[in-house]
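Single-structure report; data block below.
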Amino acid sequence: MAVKIKLKRLGKIRSPHYRIVVADSRTRRDGRAIEEIGKYHPTYNPSVMEVDADRVAYWLGVGAQPTEPVLAILKKTGDWQKFKGEPAPAPLLVAAPKPARPSFEALGGDTEGKGEAITQKKKAEKKDEAAAESESTEA
């Protein structure tokens, strides 16, 4: 039985995310897996690649063959180079935490509420105009 390390697709139509799984080569893409050994989220910026290095080393050691997309992921994480005995690649880019947005008061906003609207309501203007027209026609 040939064992492959491949991607299992999950998620909605336009927001895919993948699990890196070990499965029989004859199973379908999203079919039954022997073991899940990682995650891959390509739509995030930067994309997220989480791989269990110990399990990857085990499965590569017993003869599992990675597919081309998984091989590219393993090369970026450095697990393929570790398995082959080659020098490690440059570290992956990690997303920087987003700074907190400043509050309204910190930007110099007013802390006192006005209480009333500045402009008058349009319905009140229409009633005043109708009353003024009726007075002018009566006179």
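In what follows, every heavy atom counts, from backbone to side chain, and hydrogens, waters and symmetry copies are set aside.
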- Query: Taking all atoms of both residues into account, what is the closest heavy-atom pair of A23 and A33, and its distance?
  - Reply: CB-CA, 4.1 Å

- Note on the structure: Of D79, V56, I5, I20, the one forming a side-chain contact (heavy atoms from CB on, under 4.5 Å) with I73 is I20

- Message: Under 4.5 Å side-chain heavy-atom separation, chaining through any Ile, Leu, Val, Met, Phe, Trp or Tyr, what else clusters with V48? Say none if it is isolated.
- Response: Y44

- Message: Using a 3.5 Å distance criterion without hydrogens, assess whether the side chain of D30 forms a donor-acceptor pair with backbone atoms of R9.
- Response: yes

- Message: My understanding is that only residues two or more places apart in sequence, or in another chain, count here; which of them pass side-chain hydrogen bond (donor to acceptor under 3.5 Å, both in side chains) with K6?
- Response: T27

- Query: So, do T43 and P16 sit near enough that their side-chain heavy atoms are less than 4.5 Å apart?
  - Reply: yes

- Going by heavy atoms in the side chains, are P66 and W80 under 4.5 Å from each other? yes

- Item | K8 vs R29 side-chain heavy atoms within contact, under 4.5 Å | no

- Task: Indicate yes or no: at least one non-hydrogen side-chain atom of I37 is less than 4.5 angstrom from one of V51.
- Result: no

- When clusters are formed from ILVMFWY side-chain contacts under 4.5 Å, directly or step by step, what else is grouped with L10? none

- Task: For R32, look at atom CZ and say whether over 12 heavy atoms of other residues, nucleotides or ligands are found less than 6.0 Å away.
- Result: no

- Note on the structure: Rounding to 0.5 Å, atoms CD (E68) and CG (L7) come to a distance of 11.5 Å

- Verify side-chain contact (heavy atoms from CB on, under 4.5 Å) between R55 and E35, making sure each step is shown before the conclusion. CA-CA 9 Å; R55 298 309 296 164; E35 184 180 359; 2.9 Å; yes

- In this structure, NZ of K82 is separated from CG of L60 (nearest 0.5 Å) by 11.0 Å

- Message: Taking the side chain as everything from C-beta on, heavy atoms only, tell me whether K75 gets closer than 4.5 Å to Q81.
- Response: yes

- Task: Working to the nearest 0.5 Å, report the span between NE2 of H17 and NE2 of H41.
- Result: 6.0 Å

- Decide whether F83 and V21 are clustered together by the hydrophobic rule: side chain heavy atoms of Ile, Leu, Val, Met, Phe, Trp, Tyr closer than 4.5 Å, transitively. no

